[in-house]
Every structure is written in structure tokens, then in C-alpha cells.
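Side chains are part of it too, since the values below use all heavy atoms of this structure and drop only hydrogens, waters and symmetry mates.
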Amino acid sequence: MALKLPRIKRYKKQMSRYASADFKSDRSLLPFSTAKSFYNIDFSSGALRKGYGVKTHPCVPTAARRYWIYRLYSAEHGAYADQYIYQYSNGLLAWFDAFKHKEIFVSGVAFKPLDIINYRVNSKDVLLLSCEGRKLITWDGKALTEFSNSPSISSMAVHYERLFVTSRDERTKVYFSKNLDPTQWEIGEDGGGFIELLDERGYLNKVVSFGNYLYIFRDHGISRVTAYGDQREFSVVNMFVTAGRIFPSSITTCGNSITFLASDGLYRFDGYNCVRVLTDITPSIRSDDDCACAYHDGKYYLACKMDFGDDKTVGCESGEYTTNALIIYDPQSGEYSISRGLNITFMNACSFNGEDYLMCCEGGKGGVIERGASRFGTALPSYWESGLTDMNAPDKAKYLTEILFDNSDGDSDDSVVLGVCADGTWYNLKAVSAADHGVKLNASGYRFAFSIFTDGAQLNVTPLCVKYNMY
């Protein structure tokens, strides 16, 4: 009698590209290419690359906690020049005079954390400054002037040649200055005034000039102000209401929209409608107002706290921190990446002498945000983990024989660790990027998950191809 041997069928499962993540759904429901967990990874190209990090920059003092560009015309030199101005951790404000090539302290007075915007008053380039405990302050490159008749400002925006501000003391009101003069606040038909809003949307926290309108972001909603030259024609319309609380420090304009974080999710607002974005990852965001944001190079940057659902410590997480994650989101394409281990408390998009960069304060140190997932020269570990897959055969045992991928970016020999989970048991296999284009293994099971990890400076992993046998 002839012995019948089982017939071995050989298969392979090819991932087309690395897709977005899903921190919300059960991992058994996720497609093979969808990440259940990831950080310090950018997969906008379809491959896994290093995400974003911070580095030093010659124009940004490392001791700077906050930083702005002052576009100033010098009558002495007959030319415009970008000057940078920054605030130290002790509250002192200094600037670098590009004409004299030296640092100059603005004054010996320490300020609480400042907000600063550029403006032009009486044909002079000035900075408008505000902070807790002070009234409106102007700086003209020579002297600070405080205007005691102004409100106590919590946020400010220039709109149609008036300065609009929310008040720390009277949180149901938005004040506006005299037309063409942000230093005059006397209430009158030809002077300044205020708009008071009393409804379920709550306190008024931030003003944003966007398009032809001024938008007031409140605890639980958004109101729109039509405010051209004549204040007698000002009008208000309530646009949006939410049960969640909107966090003012997350709000910024992003081209043709405004993006912000609320306690019930991340939103994109086009001036008329609000839609939630990145709904699959926002459940991992710890919602509070200890965040920072900026818009740079077509992307929305949000520094916040995130719960990554593991017991690991990455970068800043080994000590005290205000934020531990940086989300970089492209509102047009919907693509994003997440960096972990960065304690960023301030960001500001700057242009200095033709160079665009995004200044940040990370762990009390001034620098700029860059691609590369490093923290001032120290590489941050990168991790990606898939959902579970049963290879479309839940009732059959599979025997994995090889996983093919490439991690060569031309000049890197950093190694990666490929993780394979078979029915709940993890196996870790090391692969050197330039030498290996795959990993041979012998793992059996019904359901599998995969992970990629590196603590090196380079990463460029192509989509996985899994070879397996099935009886």
C-alpha cells in the first residue's frame, strides 16, 4: 500500500505599502498593513522611514524658551533685516541685532511666558507683546512701552487694522482697539470697544483672523465676527458647538483651514464646517491644554501627551515632562507621523534671511524640528507593529519560512529587529540593513503579527513579504 504524504502548499503574502495606524480598533480586525502601534516612524512614502526630531540651529540660542522673528526697517542702514528675539527661562527678553551682530537685552524685567506678533504703528515696525500680569506692551527696537488702558490679554490677533484680544479678567468679552492704532483702547464710536457673548459655548479663549472673518474659539464652540472698518457694522454668528472642551494652545491656521484639539478629538475647521480628523489615533491623546502647535511646510504640528499603551520609556519619558509626543499632520493629504520622546513646550514657524524653519523648545533647550527622529543628536528608537492576520485561513496552521524586506537607503548599515508573533508568542530576529534582504525563520501558528524596531539613526524598510507553508 502506497504511503500518502500530505501535500504542502506554498504561499506568500505581500504588503503593498505601510498604511495608517489604528489605536482604537481591536488588533484582530486590522488589515495586515495597518499599524496597531508605532512611533518615530513616517510612512507617507509607503515604506517605513525615520520620523521627526529636534536639532540645534545657528540662529536659535539653545537657552531660548520662546523665539520670534522681528522684521525691522533700519533708517540708519536704509534696509530691512530679520532680527530674532527670544525669551530665556528666567523670563528675560533679548534680541540679536543683525546690523551690530551682537545680543542685546530688551530690559532687565522678567516676564511670564510671552506671546508676540509683528505690527506697524505710526510708520514704525513694532512688536506687540502680551503675558499674564501685564497689559499690552510694544517694542520698537529701542524701548518697551506698556499701555495701562489695555485689557489683560490672553490672546490677540490683528484683523482689518484693529487688534482684537481675549481678556484674562473678563472672559466673556473680546476687546478691540481703535482702527489703525492697537495702542488705543478707549471705548467710543471712533475708538475701541468690546463684544460680549453669553451662551452655552462658554468662555472666550482665543481669537484667530482667518479669511475675511475673526473667529472666537470658546470653551465649547466657535463664534464668527464680521468686523470691517466701522464698528457699528460688526456682527456675530455662532458657528460650531461641541460637548468637548477646545484647548486654546492647540489652535492654529493651516492654509485654508484651522486645526485644533478638543477633549473629544482633533478637528479641522474650514470657516463653516468642523470635521474630526485622525479619529483612529486621537483616543490615545491625553486631552489637556499643556500642548503646543504650529503650521509649517504645509503641515500641522501638535506637541501633546499620548498614551502608547506599553511599559517603555522613550526619550523624555525617563524624567518629568509636559509633552511626550509630536504629531505631524498634512491637512491636504491626510498623512501623518508621530514622534515619541520629545518634551516640546513651544513652537513657532520662522523665516530668517530667506530660510524657513520651525523653532521649538524641547526639554528647556532651543532648537528646530527636522526629519530624522533624533533628540539633539541622540537617535530616538523607532517602532512599528502590525495588527493580527490569519492569512485568510483561520482554521489552518501556517508555517512561516521567510520574511522578505529591504532596509537599505544607500549609506546606512544600522540594524533592525524584526519581531514575529505567532499565536501570542513573540520572536525577535536581527537583520543588518545593507546585507540582508530577508530573514529566514521557522514559526508556526494560526494568527500572526509583525513588528519593526531600530534604535539606529537610519531606517527605510520596504513593505514586508511573508512566505509560508500551509497543509
Donor + acceptor pair across side chains of Thr454, Ser382 (<3.5 Å): no
Pair Phe38 + Tyr18: ring centers closer than 6.0 Å: no
Heavy atoms of other groups near Lys135 NZ, more than 12 under 6.0 Å: yes
Worked check of salt bridge (Lys or Arg N to Asp or Glu O under 4.0 Å) between Asp115 and Lys206: CA-CA 12 Å; Asp115 290 317; Lys206 190 176 180 72; over 6 Å; no
Heavy-atom side-chain proximity of Ile327 to Ile285 below 4.5 angstrom: yes
Backbone of Thr323 reached by a side-chain donor or acceptor of Arg286 within 3.5 Å: no
Whether Gln83 side chain and Gly141 backbone form a donor-acceptor pair below 3.5 Å: no
Glu320 CD: over 12 foreign heavy atoms closer than 6.0 Å: no
Test item: Val466 and Phe448 side chains (from C-beta on) under 4.5 Å apart, heavy atoms: no
Tyr383 and Phe308 aromatic centres sub-6.0 Å: no
Would you tabulate the side-chain donor-acceptor contacts of residues 288-296 under 3.5 Å, counting partners in other chains and residues two or more places apart, or write 'none'?
| from | atom 1 | to | atom 2 | distance (Å) |
| --- | --- | --- | --- | --- |
| Asp288 | OD1 | Asp290 | N | 2.9 |
| Asp289 | OD1 | Ser249 | N | 3.1 |
| Asp289 | OD1 | Ser249 | OG | 2.7 |

Atom of Ala262, atom of Ser287 and distance for their closest heavy-atom approach: O-OG, 3.9 Å
Derivation of the side chain to side chain contact (heavy atoms under 4.5 Å, CB included) call for Ile222 and Cys274: CA-CA 10 Å; Ile222 305 171; Cys274 260; 4.1 Å; yes
CA sep, side-chain torsions, deciding dist, call: Lys173, Ser167, side chain to side chain contact (heavy atoms under 4.5 Å, CB included): CA-CA 7 Å; Lys173 296 178 181 179; Ser167 171; 5.7 Å; no
Over 12 foreign heavy atoms within 6.0 Å of CZ, Arg447: no
Backbone of Thr322 reached by a side-chain donor or acceptor of Asn343 within 3.5 Å: yes
Which atom of Arg168 lies closest to which atom of Cys131, heavy atoms considered: NH2-C, 3.8 Å
Test of ring centre spacing under 6.0 Å for Phe269 and Tyr215: yes
Parallel, tilted or perpendicular: ring planes of Tyr84 versus Tyr86, cut at 30 and 60 degrees: tilted
With Thr34 via side chain to side chain contact (heavy atoms under 4.5 Å, CB included) - residues at least two apart: Ala19, Asp22, Leu30, Pro31
Test item: Ser155 side-chain N/O and Val207 main-chain N/O as donor-acceptor pair under 3.5 Å: yes
Side chains of Phe376 and Thr378 in contact at under 4.5 Å (non-hydrogen atoms): no
From Phe260, Phe247, Tyr203, residue fulfilling ring pair (Phe, Tyr, Trp, His ring centres under 6.0 Å) relative to Phe217: Phe260
Arg71 and Asp82: CA distance, side-chain angles, deciding distance, salt bridge (Lys or Arg N to Asp or Glu O under 4.0 Å) verdict: CA-CA 5 Å; Arg71 183 73 172 156; Asp82 291 330; 3.1 Å; yes
Side-chain (Tyr357) to main-chain (Phe352) donor-acceptor, under 3.5 angstrom: no
Residue pair Lys24, Asp280: steps toward the salt bridge (Lys or Arg N to Asp or Glu O under 4.0 Å) verdict: CA-CA 6 Å; Lys24 178 178 64 176; Asp280 290 335; 3.7 Å; yes
Side-chain touch Ile246/Asn205, heavy atoms, less than 4.5 angstrom: no
Ser386 versus Lys36, closest heavy-atom pair with distance: O-CB, 3.8 Å
Gln14 and Pro463, any side-chain heavy atoms less than 4.5 Å apart: yes
Neighbour count >12 (heavy atoms, 6.0 Å) for atom NZ, Lys312: yes
Aromatic ring proximity Tyr336/Tyr300, centre distance under 6.0 Å: no
Heavy-atom side-chain contact between Arg340 and Glu317 under 4.5 Å: yes
Arg371/Asp297 ion pair, N-O < 4.0 Å: no
